[in-house]
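Starting from 1, each residue takes its place in the sequence as its number.
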Amino acid sequence: MINGSRKHQVIAAQNEWENISTYTDMVRNETIEEIAQELETKFCLPFGKDTVQSFTAFVRNMKK
């Protein structure tokens, strides 16, 4: 059984891990959105609008 300061250390480490995980997910989502926007603006000519929308929907669904 964890008691006293060790328990607080474990809780603090868990909170820190959750903060890091949240930050990582935020960066991931921003990167994915940037990719989707690039697809929308630069792939319209080589591919049709429907195809590009399908690509961007697929990419955006990768967000956490």
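- Annotation for Glu16: atom CD does not count as buried by contact number, only 12 or fewer foreign heavy atoms lying within 6.0 Å.
- Residues Met62 and Met26 fall into different hydrophobic clusters, defined by Ile, Leu, Val, Met, Phe, Trp and Tyr side chains chained together at heavy-atom separations under 4.5 Å.
- In this structure, CD on Gln14 lies 11.0 Å from CG on Asn19, to the nearest 0.5 angstrom.
- One distance of note links CD1 of Ile20 with CG of Asp25; it measures 12.0 Å at 0.5 Å rounding.
- Summarising the geometry, atom CD belonging to Glu33 is positioned 11.0 Å from atom CD belonging to Glu38; distances are rounded to the nearest 0.5 Å.
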Would you mind writing out the side-chain donor-acceptor pairs for residues 44-57 within the sub-3.5 Å range, not counting sequence neighbours?
{"residue": "Ser54", "atom": "OG", "partner": "Asp50", "partner atom": "O", "Å": "3.1"}
{"residue": "Thr56", "atom": "OG1", "partner": "Val52", "partner atom": "O", "Å": "3.2"}
{"residue": "Thr56", "atom": "OG1", "partner": "Gln53", "partner atom": "O", "Å": "3.0"}

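- For the residue pair Ile32 and Arg60, the shortest heavy atom distance occurs at CG2-CA, 4.1 Å.
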